[in-house]
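Lettering follows sequence order; numbering is per chain, from 1.
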2 protein chains.
Amino acid sequence: MNEIPKFAAPQSVTTGPVQGSRKVYVSPTDRPDLRIPLREIALSTAAEPPVRVYDPSGPYTESDARIDLARGLEPVREAWIAGRGFATVAGRAIKPEDNGNVGAERLAPLCPATRTLRAGKPGQLVTQFEFARAGIVTEEMIYVAHRENLAREAAVEGAAERIADGDSFGAEIPEFVTPEFVRSEVARGRAIIPANINHVELEPMAIGRNFLVKVNANIGNSALSSGVAEEVEKMVWAIRWGADTVMDLSTGRNIHNIRSWIVRNAPVPIGTVPIYQALEKVGGDPLKLDWEVFKDTLIEQAEQGVDYFTIHAGVRLAYVPLTAKRVTGIVSRGGSIMARWCLAGHRESFLYERFGDICDIMRKYDVSFSLGDGLRPGSNADANDRAQFAELETLGELSKVAWDKGCQVMIEGPGHVPMHKIKVNMDKQLRECGEAPFYTLGPLVTDIAPGYDHITSGIGAAMIGWFGTAMLCYVTPKEHLGLPDREDVKTGVITYRIAAHAADLAKGHPAARIRDDAMSRARFDFRWMDQFNLSLDPDTACKYHDETLPKDSHKVA
Amino acid sequence: MNEIPKFAAPQSVTTGPVQGSRKVYVSPTDRPDLRIPLREIALSTAAEPPVRVYDPSGPYTESDARIDLARGLEPVREAWIAGRGFATVAGRAIKPEDNGNVGAERLAPLCPATRTLRAGKPGQLVTQFEFARAGIVTEEMIYVAHRENLAREAAVEGAAERIADGDSFGAEIPEFVTPEFVRSEVARGRAIIPANINHVELEPMAIGRNFLVKVNANIGNSALSSGVAEEVEKMVWAIRWGADTVMDLSTGRNIHNIRSWIVRNAPVPIGTVPIYQALEKVGGDPLKLDWEVFKDTLIEQAEQGVDYFTIHAGVRLAYVPLTAKRVTGIVSRGGSIMARWCLAGHRESFLYERFGDICDIMRKYDVSFSLGDGLRPGSNADANDRAQFAELETLGELSKVAWDKGCQVMIEGPGHVPMHKIKVNMDKQLRECGEAPFYTLGPLVTDIAPGYDHITSGIGAAMIGWFGTAMLCYVTPKEHLGLPDREDVKTGVITYRIAAHAADLAKGHPAARIRDDAMSRARFDFRWMDQFNLSLDPDTACKYHDETLPKDSHKVA
């Protein structure tokens, strides 16, 4: 369909500011070298200051964005990382199976951007967790503190009152975020800063219950669709609308080379599920998976700069029979792969047995764990069953192992859960996993609305975000039906930004309501352009308004 | 834009079954004359029975629907009403101002369907509430019991267990609904059956915390858009996708005559806000409103067969100053009109002062009250303030007056409310208003997403439905921006069906999960056609699937 072959190098992506906004950078007074991005929404009235909002969209939304995908983004972390004395390594050679053994004529090129490849050594401080435990505040922590804080500087007055007005179920949201607060949250495992030392283009961000609720968007090609350019554009498009991290779930050809373009051009953390690529390397047969191919894939992706890995190490042999009477069995792809592997040889999962080794690899690059919920319920009928909770208990056990090894950890959660069973998930996760950040998919509160599962899941996501989930994995309208296109990605991200923001408001985040209040005043004053610009999606708001009242005069009075 | 002038008589509407479904009618064994509608979704496997779902769509979704808009729907209640001995009345003559004084060449015709016009007398049992209090089970109550029960007949086994598995916050959902249960709920004011004795085409339904959560869709023309045919089609379209009641909020010309087409062709209760039409009659100036024009409008609409009226009688003079410091002031249109009226003359509201007279009129035709929340918050900043709650307390006082006068009552609720402040609304409403059904607009849990307010409000609607709201008033994507078109109406209804169903699931409604479980089994078996047909919107589910995998073979395996 496309004129450009799907294996060609990407040429361009969407750039330019979101309507009515401009990108600004601010620096801590004592660190003028740190440039923290913000989006500033101008208002049409002199009576109000512009509204500054959190902005994960990277340099793409600068007004004079000069993007060269082949060079990759500016390596903002390079100097910080260089200062930490990591060894430069040669790196693993690319193998044909890394790209699905695709023929030369269909091989997508590798992103030509060159970076110094590094790895930590035993005994050296490598991960943000290790630095935090050692009492050291990293540049990433300073960056995160200022980033989380920005709107709050304007909102310090009355912050305590607004926090008290919320209901955060025991979260400890501070009136003001200091770098030391970030350090302490990371040190106690309650927040992570996914930041591979080989992802120098990253604008650091934190995932934790006492920070703003974050949103992840999934992208990725399949055997059926999507080329290099399309995936890079999906990433840029997702962060434009507010995705805080992006997972590349590619399962088609050219996985390695597509990922090189994505990571080199990503200002947000990139997550993957390494078992997907490992499976491709063994021809799609789960029974051919083993530790060696998996280990090799971990190193491959860690060297590329992936910031977090979903590892389904909680799918233990003994838990698989617990799913036998389920209505929908095992719906997680990673969970199915590992259950098949365990059952076929009646063996304990190699991910579980090799968990210490996995930690050692991930620590070297500071790849964070996203401990996968391979046994998450795929239907309301299966919610909160023994299989799901047994796995969650194991994830708690593994969290402690990972922390002992120096790694950062978050925990994945369901799935399909009716409203009255959501809070139990959150409470159990906090208890079992020592407050490691929870990262949930929805949950979907009913099963009967394919085509609208961004909404069925957005309801559950808002609620579980309020209860304490740190990051919400988006669901698009195509869930259960097909692969999301660009419009679906946008709809999913906006829906989840609504859920995350609703959660921040309900928790009593001291700065969350600044934007709502600015919007409400614009409504009361009939300042239409301000209403559009303050909205999560100015383009759609403006378009819908113009369908009824297209005249410019209707926008100012 | 349209070739058919907007004042022409409507010719046709959307008819035919929803994809994969057929309309069936069932009767109680002892009342073969009562034909209760259901939608039956066939499944492709012989291993499972078809799934029967609640169906408010009326005869339009019969496979051989023969619809003649000029004759109106079959008057299914005519024999029941005729048996109650009401006086036949001549009725009020139509006045030019009823249709906005529109000239002859732009006057939409009156629906020519002729019906016997009736009115109750003092001392006579007229309303469902009066019959219920007298211990009499009406045909409407039998009809409602069977309608609410249908799916439950297949689910009696284990019903107690499923109720116990839910969390209904003190609702008393029965394992099985009997006509006597319906009567008792109506008698204690905990449910209403909006059913004007002059709306003989109505398929009766109940609104109450111990019944399935219902959804209302708003339609209506304005000075800017929509003709007769468009409004009738919007009504039929809204109920096709699951609206249980429809409010006609027209404010343009031809209001009276458009309404005649809507009511004569509506199988669902029709609600209105009479103050809107009254305001049109006095040229749009609130200060020209008085009891006489309002009273005349009530009689006009009651005689036409409108089933419930929003009456903003709780906006008392003393409460208006409580809104002075609000961010968004008074956002309810009815509330603004009455506040203006009160302030201008520093007078107590005539709706409050004449409330007893209003009850007397509404009782004569069994028009139910929807006591309007004219002071509902228009922003998260204003949620749960003193103005809002003072009005709610007055609505509680007025509920008791209405009950003493023999009327049915429900209570309208907000609005814009952050998640953590929603439950307080529900609890206070139950306490202040003696468990009269709550009927809420959303609430929207954040203010920053115009263009997506079906979602911001769907989150709040699901939650407040779970907590006990009996009917959810939909919000479309055009909220705050413009007038909804046909697609917006559908999106709004589907979103609210999700919210209502999620609430039923969470409350532990014993039959709610039947459809979810059938969907989940279809998913597990890869029965694609069953997944489409079981979904709230088969057309969209099928279309989304086909965008990725269009081949028929992908639908069966």
Side-chain angles (χ1 to χ4, degrees), chain A residues 166-167 224-225 327-329 378-381 418-420 445-452 455-456 458-459 462-463 466 477-478 480-483 485 494-495 497-499 501-503 505-508 513 515-517 519-521 523-524 531-532 534-537 540-541 544-545 547-549, chain B residues 166-167 224-225 327-329 378-382 418-420 445-452 455-456 458-459 462-463 466 477-478 480-483 485 494-495 498-499 501-503 505-508 513 515-517 519-521 523-524 531-532 534-537 540-541 544-545 547-549:
Chain A
D167 181 357
L224 284 170
S225 78
V327 172
T328 44
S379 58
N380 273 249
M419 282 191 287
H420 65 303
V445 297
T446 168
D447 306 323
I448 64 169
Y452 298 81
I455 300 176
T456 64
I459 294 167
M463 291 175 70
W466 173 25
K478 290 281 168 59
H480 295 115
L481 296 169
L483 295 172
D485 61 20
I494 299 281
T495 303
R497 282 258 62 96
I498 290 170
H501 185 72
L505 287 172
K507 286 168 81 175
R513 224 182 66 194
R515 188 169 177 181
D516 295 74
D517 290 352
M519 173 72 82
S520 298
R521 287 189 296 266
R523 277 199 175 121
F524 192 66
Q531 292 179 52
F532 305 152
L534 284 163
S535 76
L536 289 177
D537 178 2
T540 297
Y544 283 0
H545 177 268
E547 285 176 17
T548 308
L549 299 167
Chain B
D167 181 358
L224 284 170
S225 79
V327 173
T328 44
S379 58
N380 272 247
D382 295 339
M419 282 193 286
H420 65 301
V445 296
T446 167
D447 306 323
I448 65 169
Y452 299 81
I455 299 177
T456 63
I459 294 167
M463 292 175 69
W466 173 25
K478 291 279 170 60
H480 295 114
L481 296 169
L483 295 171
D485 62 20
I494 299 282
T495 301
I498 289 170
H501 186 71
L505 286 171
K507 287 167 81 175
R513 226 184 64 196
R515 188 170 178 182
D516 295 75
D517 290 352
M519 173 71 82
S520 298
R521 287 189 297 267
R523 275 198 179 124
F524 193 65
Q531 292 178 54
F532 305 152
L534 284 163
S535 76
L536 288 176
D537 178 3
T540 296
Y544 283 0
H545 177 269
E547 285 176 17
T548 309
L549 299 166

> Closest approach of A:Leu481 and B:Phe532, non-hydrogen atoms and distance?
Replying inline: CD2-CE2, 4.0 Å
> Of all of A:Pro450, A:Gly329, A:Ser535, A:Gly458, which one pairs up most often with chain B through heavy atoms under 4.5 Å apart?
Replying inline: A:Pro450
> So what's closer than 4.5 Å to chain A heavy atoms on B:Asp382: side chain, backbone, both or neither?
Replying inline: neither
> Is a donor on one side and an acceptor on the other found under 3.5 Å between the side chain of B:Asp516 and the backbone of A:Thr446?
Replying inline: no
> Looking at B:Gly451, B:Ser379, B:Ser520, which has the largest count of heavy-atom pairs under 4.5 Å with chain A?
Replying inline: B:Ser520
>> side chain to side chain contact (heavy atoms under 4.5 Å, CB included) for B:Tyr452 and A:Arg497? Distances and angles first, verdict last.
In response: CA-CA 11 Å; B:Tyr452 299 81; A:Arg497 282 258 62 96; over 6 Å; no
> Is it the side chain or the backbone of B:Arg513 that comes within 4.5 Å of chain A heavy atoms, both, or neither?
Replying inline: side chain
> Highest number of heavy-atom pairs under 4.5 Å with chain A: which of B:Thr495, B:Asp485, B:Ile455?
Replying inline: B:Ile455
>> If I compare all heavy atoms of A:Ala449 with all of B:Leu536, which pair ends up nearest, and what's the gap?
In response: CB-CD1, 4.1 Å
>> Below 4.5 Å, heavy-atom pairs only: which of A:Gly378, A:Gly166, A:Gly508 has the largest tally toward chain B?
In response: A:Gly166
> Can you say whether B:Arg523 sits under 4.5 Å from chain A via the side chain, the backbone, both, or neither, judging by heavy atoms?
Replying inline: side chain
> Looking only at heavy atoms, which two atoms of B:Met419 and A:Ala506 are closest? And how far apart?
Replying inline: CB-CB, 3.8 Å
> Which one, A:Ile498, A:Asp517, A:Asp167, leads in non-hydrogen pairs under 4.5 Å with chain B?
Replying inline: A:Ile498
>> Let me confirm one number: the CD-CG distance from A:Glu547 to B:Leu483, rounded to the nearest 0.5 Å.
In response: 11.0 Å
> Looking at A:Val327, A:Val445, A:Thr540, A:Thr456, which one has more heavy-atom pairs under 4.5 Å with chain B than the rest?
Replying inline: A:Val327
>> Can you tell me which of A:Gln531, A:Met463, A:Arg521 forms the most heavy-atom pairs within a distance under 4.5 Å of chain B?
In response: A:Met463
> Taking it one step at a time, do B:Ile448 and A:Leu534 satisfy side chain to side chain contact (heavy atoms under 4.5 Å, CB included)?
Replying inline: CA-CA 7 Å; B:Ile448 65 169; A:Leu534 284 163; over 6 Å; no
> With respect to chain B, which residue among A:Pro418, A:Ala541, A:Gly482 yields the maximal number of heavy-atom pairs within a distance under 4.5 Å?
Replying inline: A:Ala541
